[in-house]
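So that the names make sense, note that chain A is the first sequence line, chain B the second, and so on, each numbered from 1.
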Number of protein chains: 2
Amino acid sequence: MPRSRITIRDVADRAGVSHQTVSRVINNSERVTPETRERVKVAIKELGYRPSRLAQSMVTQKTRTIGLVVADITNPFFFEVARGVQDTALAQGYNVFVCNTDDNPQGEQDILTLLASQEVDGVILATVSSPEEELLAFAENYKPLVVINRDIPHPKASLVSVDILKGAKLAVEHLIERGHRNIAMLSHIGHKPDEMRRVHGYRETLLAHDITPNEEWLVLAPPNLAGGYEATQTLLKEHPEVTAIFTYNDLMAIGALRSCHDMGMRVPQDCAVMGFDDIKFSAMTQPSLSSISYDKYVVGQKAMQRLFEMFEEPDFTFAPIPLGVELVIREST
Amino acid sequence: MPRSRITIRDVADRAGVSHQTVSRVINNSERVTPETRERVKVAIKELGYRPSRLAQSMVTQKTRTIGLVVADITNPFFFEVARGVQDTALAQGYNVFVCNTDDNPQGEQDILTLLASQEVDGVILATVSSPEEELLAFAENYKPLVVINRDIPHPKASLVSVDILKGAKLAVEHLIERGHRNIAMLSHIGHKPDEMRRVHGYRETLLAHDITPNEEWLVLAPPNLAGGYEATQTLLKEHPEVTAIFTYNDLMAIGALRSCHDMGMRVPQDCAVMGFDDIKFSAMTQPSLSSISYDKYVVGQKAMQRLFEMFEEPDFTFAPIPLGVELVIREST
DNA sequence: CGCTCACATGTGAGCGGTAACATTATTCTA
DNA sequence: TAGAATAATGTTACCGCTCACATGTGAGCG
């Protein structure tokens with residue numbers, strides 16, 4: 001049973017043709033007599049032959065494999081994107097390596113190197129941590145690169161961008177309409193607030209309504225449940241005047257929800273909470289969470305489709321793909 | 001910039017040695033004079049050479065790649081497992097293909113075929129849907145296989161099994177201790193209840209306490225938030241006598257929580273809810289969810305470690321790896 | 001001083017395919 | 001009916017590496 005691999009030459013012998021003819025049949029191209037083709041197909045079936053992708057890749061220099069780099073697959077945002085990428089890739093016979101960087105720039109660099117040595121045909125990047133110059137270097141020397149939610153000014157890198165700025169504005173505007181003026185924000189501790197579109201949207205919207213942003217109400221924490229929980233504890237103890245919280249993502253918002261509950265505050269009466277991403281859990285929390293919604297699956301899908309386009313026309317510079325956002329109002333505001 | 005690939009022979013020329021000596025250096029094995037080694041290393045660095053994994057795989061017949069097959073990466077259970085697998089694999093320079101089957105047996109079969117053609121070195125399977133005989137065939141002819149939470153009686157398939165039966169018993173026992181006797185269960189619609197260890201545990205525990213399981217209280221639904229929500233709606237409308245619900249997983253439980261709330265029932269006073277898996281969200285819901293806990297990351301880690309062991313000793317039959325469970329009592333019971 | 005032996009290094013083949021070109025069989029044209 | 005054009009198939013090289021074995025070199029020994 002550990003019979004050694006059946007090769008294209010075994011099939012050729014069996015069908016009484018040359019290995020090249022077999023190659024023509026499996027790439028169902030070229031001109032092969034119908035009857036020869038049939039004979040070869042029979043031989044393939046009888047021997048249970050399957051071409052070695054490795055050998056094919058070796059000579060064609062294409063692996064039909066792509067890399068997807070995410071900060072943490074554990075975040076519902078990323079895995080919905082990942083599903084979109086995977087499903088789209090699989091439909092074309094491509095496989096996907098998913099890599100987590102944990103928002104660690106060094107990890108990200110290692111990952112890119114690993115992917116490079118695995119000889120993937122392209123990379124989709126959905127993180128924000130690695131230094132721009134390294135990404136540029138990667139795009140320059142290497143393979144097609146699609147970047148999600150980040151601006152990389154390079155002709156060989158293609159962009160898929162959710163309109164985060166607008167999302168943040170919609171969110172904060174909604175809170176202002178509900179009568180809030182003391183609006184806090186929980187942002188991602190891994191990134192400089194000044195570089196975050198969510199923070200820009202937050203500040204700009206406040207200013208547009210003649211509210212001066214209070215820097216003490218801008219709290220940085222890990223972008224997960226625990227981070228949101230703890231940041232809210234601290235924030236509300238130190239700044240009881242805050243009546244609404246806008247968070248970096250729904251994970252933090254759900255942590256904030258629980259935090260408010262544990263401190264005996266009612267949401268939204270005592271403190272409103274507004275998330276971002278609209279993950280599936282958000283409709284199920286109690287109270288359910290208002291959020292900024294966009295189709296994460298489609299983000300992944302579009303990114304993968306763009307990568308396919310880049311395979312076709314490697315030297316073309318593609319326009320960014322914009323994706324809209326929507327305000328979803330639920331009980332938490 | 002699209003300079004063609006730097007090969008081992010380029011390095012060899014530069015260092016003034018044969019390509020084989022370079023090979024010895026990059027596999028840092030064999031006997032090579034320290035100074036020759038150094039000279040080669042310098043040449044490698046100067047040329048920015050990186051060995052082609054494809055070519056290496058071609059000749060060694062090892063790809064340093066494994067396949068992880070899960071039902072749906074979107075389920076928090078799976079992605080924690082996936083992280084465990086990925087991190088462990090990456091530490092050894094292995095890459096992981098993650099594939100979703102969506103609990104569709106045909107899909108699963110296709111995936112296995114795809115993985116086979118990608119020539120992965122081994123497979124970790126964390127699903128329950130594909131027919132046993134096909135899995136056996138896969139294990140027989142193909143590569144090392146680690147199966148999570150399922151019994152495959154084959155010497156070449158290795159098992160990692162959480163003690164699900166005990167978990168179910170702990171859960172139901174806990175509900176009985178809290179005074180419940182009309183305990184319903186929400187199970188996975190994709191699988192026959194009679195084959196589910198959770199259902200066995202549920203029934204056995206009831207019987208052990210002289211409670212006859214009411215088959216009408218066993219509801220099948222998709223194992224996700226919406227499935228749990230809707231199943232609970234139906235269940236509680238048709239059977240208002242039910243005072244506690246044990247669910248297949250936390251996703252369903254969280255849906256149930258919300259469902260109870262929407263129907264004006266208090267949890268746990270009017271209806272207790274008990275989950276399974278103890279995902280991170282469960283501590284953050286309102287009320288927080290009692291559940292059966294076990295370390296999902298470790299599940300993935302152990303599975304990957306076992307796969308490595310199987311690479312070392314392909315003909316050895318390994319004992320199953322058991323993993324314990326723990327009852328976590330929170331507010332929902 | 002000629003022999004063996006151990007160790008460092010080199011050579012050639014081949015993993016399983018595809019590409020490019022060569023060859024043969026067939027048909028068409030003059 | 002010879003000669004060219006065309007279609008079908010075969011031959012050879014090579015992708016970039018590792019393996020098995022060949023070769024070279026110097027130390028150790030009687």
Shortest non-hydrogen contact between A:Gly122 and A:Leu307, atoms and distance: C-CD2, 4.1 Å
Just the rounded figure in Å: distance from C1' of C:dT9 to CZ of B:Arg39. 11 Å
How many whole angstroms separate atom CD of B:Gln56 from atom P of C:dG14? 21 Å
Extract from the structure each pairing of a protein N or O with an N or O of nucleotides 11-15 of chain D at less than 3.5 Å, listing the distance.
residue	atom	partner	partner atom	Å
D:dT12	O4	A:His19	NE2	3.2

Using whole Å, what does the distance between atom C1' of nucleotide C:dG16 and atom CD1 of A:Ile44 come to? 14 Å
Would you indicate what B:Thr36 reaches in the nucleic acid, counting non-hydrogen atoms under 4.0 angstrom: base, sugar-phosphate, or nothing? sugar-phosphate
Between B:Arg306 and B:Glu309, is there a salt bridge with N-O shorter than 4.0 Å? yes
Interatomic distance where CG belongs to B:Asn27 and P belongs to D:dA20 [whole Å]: 13 Å
Could you tell me how far apart A:Leu47 (CG) and C:dG16 (P) are, to the nearest whole angstrom? 14 Å
Atom pair distance, as rounded to whole Å: CZ in A:Arg50 and C1' in C:dG17: 15 Å
CZ of A:Arg64 versus P of C:dT18: gap in Å, rounded? 12 Å
Only pairs at least two apart or in different chains count here, so list each ring-ring contact (aromatic ring centres under 6.0 Å, His included) that has a residue in residues 71-121 of chain B. A:Phe79-B:Phe79, A:Phe97-B:Phe97, B:Tyr94-B:Phe308, B:Tyr94-B:Phe311
Just report the end-to-end axis angle for the helix from C:dT4-D:dA27 to C:dA30-D:dT1, five pairs per end, to 10 degrees. 60°
CZ of B:Arg37 versus C1' of C:dT9: gap in Å, rounded? 13 Å
Would you say the side-chain atoms of A:Thr33 pair up with the backbone N or O of A:Glu35, donor to acceptor, closer than 3.5 Å? no
Smallest heavy-atom separation, A:Leu47 atom then A:Val11 atom, equals CD1-CA, 3.8 Å
Main-chain N/O of B:Thr63 paired with B:Asp121 side-chain donor or acceptor, under 3.5 Å: yes
Hey, does the side chain of B:Thr33 come within less than 4.0 Å of C:dT9's phosphate (OP1/OP2), counting only N and O? yes
B:Lys143 side chain vs B:Val123 backbone, donor-acceptor pair below 3.5 Å: no
